Amino acid sequence: MPPKRDGEVLVLGIESTAHTFGVGIVSARPPIVRADVRRRWTPREGGILPREVAEFFSLHAGEAVAEALGEAGVSIADVDAVAVALGPGMGPALRVGATVARALSAKYGKPLVPVNHAVAHVEAARFTTGLRDPVALYVAGGNTTVVSFVAGRYRTFGETLDIALGNLLDTFAREAGIAPPYVAGGLHAVDRCAEGGGFIEGIPYVVKGQDVSFSGILTAALRLLKRGARLRDVCYTLREVAFSSVVEVTERCLAHTGKMQATLTGGVAANRVLNEKMSLMAGLHGAVYRPVDVRLSGDNGVMIALTGLAAYLHGVTIDPGEAYIRQRWRIDEVDIPWYPWLPGDPPPG
Ligand code: AMP
Ligand code: MG
């Protein structure tokens, strides 16, 4: 990486809302991503254990920051602002990232920029696709939401009433004994098992108003397996039903807002089948469809740094003494004064 150039603004971003401690360093001009360091906690079995995650993050935070600075070819003195995901997420995990960010900000006199993790997923999509004003389907391990920008904020146009889409796929895969590994070569374990499968009756398709629901799908799919249904048929049907419901809600949001761009973000955005469905749906409306750069689909520090860069350039900072974590910080509580700014645009005047 080249050394920091005259007038270049560098932001270091820290992600620690769930399973990944991420440190990203970005610039407003190319090369935009200077460093992307991740330390991922993986369970021996079962789901996420917040305390173990926090301990793992504390152990690796220092080396991750040092490695990111090395990768970026800069020193902490070159960094103009520190951004941190203050929520939503798990308290013990969030506290580690917030503590590291507050310490860097206070010790080195760097402005601190608060970032909402969900906003960062959507901005990662906007920034890597160049779509200025899209409808976004955000699907991950802990989130399933359709959002679009209206009147100063990302507004929620639909969401899951219970578990998230990634959680549905992961839990089913675990209970059915086809994972880990959950994901390999861009395919989820459910996709691998769905090959050669066909549609069967018995899995409910649930869209209520603008919202979706997956817990009934999970229960029904596991019951079908117990009763001797073929695994590949259950996997195929579960996937088709679940994906179709989120695409339907996204389609209605496109129709209601009249927007002509659609994007897909979050961990499940890496899925080929979901991308095909989104692309087909957008095409029917004459809308442009592009998913987030797959390297930024899962949790990472770069998306926090990118969103932090946009926020910082538009005057959004927070006193380190007030940088509390917010476990249930909703996307529609966040003002987005930089919208529809994209990196590469002239700096705000
Ligand atoms: P995140 O919570 O954003 O880190 O995303 C993690 C979620 O994305 C997990 O539920 C993964 O199973 C899911 N995921 C990752 N890659 C894929 C893929 N190719 N297809 C479906 N789900 C995926
Ligand atoms: Mg996430």
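What you see is a predicted model; the values in this text were computed from it and never measured. Atoms within a ligand are numbered from 1 in the order they appear, just like the ligands themselves. Counting from 1, the numbers follow the sequence of the chain as shown.
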Donor-acceptor pair, side chain of Asn167 and main chain of Ile163, under 3.5 angstrom: no
Atom indices of ligand 1 within 4.0 angstrom of Ala140 heavy atoms, with elements: 1 (P), 2 (O), 3 (O)
Residues Asp293 and Thr128: side-chain donor-acceptor under 3.5 angstrom: no
Asp299, any N or O under 3.5 Å of ligand 1 N or O: yes
NZ/NE/NH1/NH2 to OD/OE distance under 4.0 Å, Arg132 and Asp345: yes
Charged N-O contact under 4.0 Å between Arg102 and Glu322: no
Backbone N/O of Arg290 and side chain of Thr263: donor-acceptor pair under 3.5 Å: yes
Ligand 1 to Arg40 polar contact by distance, N or O atoms, under 3.5 Å: no
Sidechain N-carboxylate O distance under 4.0 Å for Glu248, Arg252: yes
Closest non-hydrogen atom pair between Gln210 and Cys253, with its separation: NE2-N, 4.3 Å
Distance filter under 4.0 Å to Asp170 heavy atoms, resulting ligand 1 atoms: 9 (C), 10 (O), 11 (C), 12 (O)
Centroid-centroid distance, His60 to Phe21, less than 6.0 Å: no
Residue and atom name of the nearest protein heavy atom (relative to atom 19 (N) of ligand 1), distance in Å to one decimal: Gly186 O, 2.8 Å
Close-contact set for ligand 1 against Gly166 heavy atoms, below 4.0 Å: 10 (O)
Sub-4.0 Å heavy-atom approach of Ala18 to ligand 1: no
Close-contact set for ligand 1 against Ala270 heavy atoms, below 4.0 Å: 16 (N), 19 (N)
N-O pairing of Arg330 and Glu333 below 4.0 Å: no
Geometric N/O contact Gly267 with ligand 1, under 3.5 angstrom: yes
Structural part of Val268 in contact with ligand 1, heavy atom criterion under 4.0 angstrom: both
Test item, His19 contacting ligand 1 (heavy atom, 4.0 angstrom): yes
Angle subtended at the Mg ion (ligand 2) by Asp299 OD1 and His121 NE2, rounded to 10 degrees: 90°
Donor-acceptor under 3.5 Å (Arg34 side chain, Pro30 main chain): no
Subset of ligand 1 atoms that lie under 4.0 Å from at least one heavy atom of His188: 12 (O), 20 (N), 21 (C), 22 (N)
From the candidates Gly22, Gly141, Ala179, the one that places a heavy atom nearest atom 7 (C) of ligand 1: Gly141
Atom 21 (C) of ligand 1: nearest protein contact (heavy atom, Å): Asn271 ND2, 3.4 Å
